K.L.:
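Have a look at this one.
For clarity, every value in this text was computed on a predicted model and none was experimentally measured.
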Amino acid sequence: MNQVADILKLAGETQQQNIDAVLATVVRTEGSAYRRAGAMMLICADGRSVGMISGGCLEPHIIKRAFWLTRNGANVQVYQTGDEQSDEDYKIEEHELKEHEFEGKAFEDQELSGNSYLDNELNFGLGCNGRVHVLFERLSTALPMLDIISHVRRTQQPATIATLIRFDSKDKQHLQIGMRVDVDAYIDSGKITIIDGNSTSNPAVSEASNTVISPIENTVEAAIEILSKYEVSDKSAEYIVLKNGDLSTEWLLQRLQPQIRLLICGAGNDVTPLVTMAKLQDWHVTVIDSRAQYATRLRFPQADIVMPLLLDDHEKLLKLSDNAAVALMSHSLTQDRARLVVLLEHSSYYKYLGQLGPRYRTERLINEIRAVKKNPHVLINGIHKLHYPIGYKLGGDGPEALALSIMAEINAVMHSQTPPAELSDTKVSDSEYLENKLLDTKFLDTNLLGGKLLDTKLSETVAMSGAETLSCV
């Protein structure tokens, strides 16, 4: 299941079919929660839905109530995942569901404020002891946001969006729950740019819709000024409460990031499960091989790009590796050597580099590359970023186990996580030792004999390697 891509696809289909829908977005979590802020779910009036905002616990309830909750505009609900659900909560839910129809017909014509948390906090008795704040809005309102997400995915350029979640003010003309502000546009122009469906003049969000409004409360402009200087954490979303005089506003600040890009150099059969697992996580996947008969769309239908790439096309290789995770798994010394020559010297391009095969094979390739380099120091940064053998030592056998180990390692690197020592096969001391040896000319002149390293410590390092399945010369 590819949730973001599936949501974008279903949203497009509902537009074409003139079917109404509601977008539910997690805007804040407290305590234990299954999904982070920014997680989305799309509920259609014809019964279709896609995406998850919890582990499946809240979804049935949300599907039943989404259209009623949004009948007067965007609305925020709070769901508790504590130990017990109170009798009062049961009565509230039972009364609403008796009178409510899925298509969004109201059970009572009571006046609802767009600035209120509509219900009491509902406790679902899950035992997780957390709270999940969810923004509900009709697709017509949420569509510009989905357009921006699509634009970020196409261009690989991030965008920063601030969404108003709650405010303490009687000014409902300029302030509405779900109002979104293009923070990047404010940084560039100094003007408040509200993202809606009226125009397309803002290059920062390109094909997304927006309009510049004036006047707007000075306090809100001051809030956007503060948000524009706020550094979003690695979670890419922060819930921020701002107070300025009598006005208090609460915002979801999102740094919309492009998909993680995976470049696989090699198109063997063991690449197939890696492509599948990467697409399950909504990664952008490119498969290349110098052998055109292997790099075909028929062999890798799930990949975003499949193409033959000549070994001397260095410019294209670097372009494809830009901000990507690169996995070298061609099972060919010639191919791996040609790719490593370029990638080790240009380590600033990619975020991760992994080489399939036993350690002595990779060290042999590095030594051969070093032998033809006038300045071996250009390889040092690349060697520091190189993971070999590729993947964590998770156990198991076969292409699927290998793919899982590779995905685990890339995920950890891309999200700046440090793995337990027993999972990683490369020790810092060994890496530093190899680096020193690679810069030792005498060592390089005598280090190979029939593909074997003669250095005692490096030989011991080779003997320690474990993730050497599916490797060959």
Side-chain angles (χ1 to χ4, degrees), residues 3-4 7-8 10-11 20-30 33-44 49-54 57-59 61-81 104 112-122 124 130-149 159-169 172 175-183 194-197 208 220 223-224 227 232 235-242 248-256:
Q3 293 192 14
V4 176
I7 288 173
L8 295 175
L10 184 56
D20 201 2
V22 172
L23 183 69
T25 305
V26 175
V27 295
R28 184 184 185 185
T29 60
E30 301 173 81
Y34 189 83
R35 299 298 307 274
R36 292 179 175 179
M40 299 182 297
M41 179 180 183
L42 187 66
I43 304 107
C44 300
S49 66
V50 68
M52 296 176 64
I53 61 172
S54 74
C57 314
L58 304 180
E59 281 74 6
H61 171 86
I62 286 171
I63 288 173
K64 293 176 182 178
R65 303 182 62 195
F67 283 87
W68 176 77
L69 289 172
T70 55
R71 69 190 187 109
N72 284 354
N75 195 271
V76 178
Q77 297 289 287
V78 183
Y79 299 96
Q80 291 193 41
T81 58
L112 301 178
S113 169
N115 184 38
S116 65
Y117 280 69
L118 197 59
D119 298 332
N120 296 328
E121 297 179 5
L122 296 183
F124 281 76
R131 286 179 178 174
V132 182
H133 301 242
V134 182
L135 169 66
F136 294 87
E137 54 189 329
R138 291 296 173 98
L139 182 59
S140 57
T141 302
L143 199 56
M145 180 64 169
L146 296 181
D147 288 342
I148 293 175
I149 294 174
T160 307
I161 306 298
T163 304
L164 181 62
I165 304 303
R166 198 177 189 183
F167 61 89
D168 293 329
S169 172
K172 295 182 175 59
L175 296 177
Q176 293 181 347
I177 294 300
M179 179 182 74
R180 291 186 171 93
V181 180
D182 182 349
V183 178
I194 304 301
I195 301 169
D196 58 24
V220 174
I224 301 303
L227 293 175
V232 183
K235 296 182 293 185
S236 297
E238 293 284 349
Y239 193 85
I240 303 171
V241 179
L242 300 176
S248 175
T249 55
E250 300 180 19
W251 302 84
L252 173 65
L253 184 64
Q254 290 176 275
R255 182 66 172 171
L256 301 176

K.L.:
List the steps, then state whether side chain to side chain contact (heavy atoms under 4.5 Å, CB included) holds for Glu250 with Val27.
P.N.:
CA-CA 10 Å; Glu250 300 180 19; Val27 295; over 6 Å; no
K.L.:
Can you tell me how far the CD1 atom of Ile43 sits from the OG1 atom of Thr70, to the nearest 0.5 Å?
P.N.:
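With rounding to 0.5 Å, CD1 (Ile43) is 9.0 Å from OG1 (Thr70).
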K.L.:
Taking C-beta and beyond as the side chain, do Asn75 and Ile177 meet within less than 4.5 Å on heavy atoms?
P.N.:
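Result no, sub-4.5 Å side-chain heavy-atom pair not found.
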K.L.:
Can you tell me how far the CG atom of Leu164 sits from the CZ atom of Arg166, to the nearest 0.5 Å?
P.N.:
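With rounding to 0.5 Å, CG (Leu164) is 11.5 Å from CZ (Arg166).
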K.L.:
Nearest heavy-atom pair of Thr29 and Ala37: which atoms, and what distance?
P.N.:
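Thr29 and Ala37 have their closest heavy atoms at CG2-N, 4.5 Å.
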K.L.:
How would you list, by chain and number, every residue that makes a side-chain hydrogen bond (donor to acceptor under 3.5 Å, both in side chains) with Thr25, sequence neighbours excluded?
P.N.:
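Counting only residues at least two positions away or on another chain, Thr25 forms no side-chain hydrogen bond (donor to acceptor under 3.5 Å, both in side chains).
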K.L.:
Distance from Ser49 atom OG to Ile62 atom CD1, nearest 0.5 Å?
P.N.:
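Those atoms lie 10.5 Å apart.
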K.L.:
As an exercise, state the distance from CG of Leu23 to CD of Glu137, rounded to the nearest 0.5 Å.
P.N.:
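Between atom CG of Leu23 and atom CD of Glu137 there are 5.5 Å.
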K.L.:
Testing the basics here: between Ala21 and Phe67, what is the closest heavy-atom pair and its distance to 0.1 Å?
P.N.:
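Where Ala21 meets Phe67 most closely, the heavy atoms are CA-CZ, 3.9 Å.
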K.L.:
Mark yes or no for whether Arg28, through its side chain, and Ile240, through its backbone, hold a donor-acceptor pair below 3.5 Å.
P.N.:
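No.
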K.L.:
Working to the nearest 0.5 Å, report the span between CD of Gln77 and NE2 of His133.
P.N.:
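One gets 11.0 Å once the value is rounded to the nearest 0.5 Å.
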K.L.:
Answer yes or no: is there a donor N or O on one side and an acceptor on the other, between the side chain of Glu59 and the main chain of Ser54, under 3.5 Å?
P.N.:
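Checked: pair present.
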K.L.:
Quick one: side-chain hydrogen bond (donor to acceptor under 3.5 Å, both in side chains) partners of Gln254, sequence neighbours excluded?
P.N.:
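Partners of Gln254 under the side-chain hydrogen bond (donor to acceptor under 3.5 Å, both in side chains) test: none.
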K.L.:
So, do Ile161 and Ile148 sit near enough that their side-chain heavy atoms are less than 4.5 Å apart?
P.N.:
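Side chain of Ile161 against side chain of Ile148, heavy atoms only: contact under 4.5 Å found.
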K.L.:
Give a yes or no on whether the backbone of Val78 and the side-chain of Arg131 come within a donor-acceptor separation of less than 3.5 Å.
P.N.:
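Absent.
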K.L.:
For residues Trp251 and Glu238, determine if any side-chain heavy atom of one lies less than 4.5 Å from a side-chain heavy atom of the other.
P.N.:
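No, side chains not in contact.
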K.L.:
Could you measure the distance from the OG atom of Ser248 to the CG atom of Leu242? Nearest 0.5 Å is fine.
P.N.:
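It comes to 8.0 Å.
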K.L.:
Start with the C-alpha gap between Met40 and Leu146, add the side-chain angles, then the distance that decides, and say whether side chain to side chain contact (heavy atoms under 4.5 Å, CB included) holds.
P.N.:
CA-CA 10 Å; Met40 299 182 297; Leu146 296 181; 4.2 Å; yes
K.L.:
Has the side chain of Gln3 got a donor or acceptor atom that lies under 3.5 Å from a matching backbone atom of Val50?
P.N.:
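Checked: no pair found.
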K.L.:
Decide yes or no for Leu42 and Val22: does some side-chain heavy atom of the first lie under 4.5 Å from some side-chain heavy atom of the second?
P.N.:
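No; the side chains remain at least 4.5 Å from each other.
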K.L.:
Do Arg65 and Phe136 touch side chain to side chain, with heavy atoms closer than 4.5 Å?
P.N.:
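Side-chain contact under 4.5 Å: no.
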K.L.:
Could you please spell out the steps behind the side chain to side chain donor-acceptor pair (under 3.5 Å) verdict for Arg255 and Ser236?
P.N.:
CA-CA 5 Å; Arg255 182 66 172 171; Ser236 297; over 6 Å; no
K.L.:
Identify the heavy atoms of Ala24 and Ile53 that sit nearest to each other, and give their distance.
P.N.:
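Answer, listing the atom of Ala24 first, then Ile53: O-CG2, 3.9 Å.
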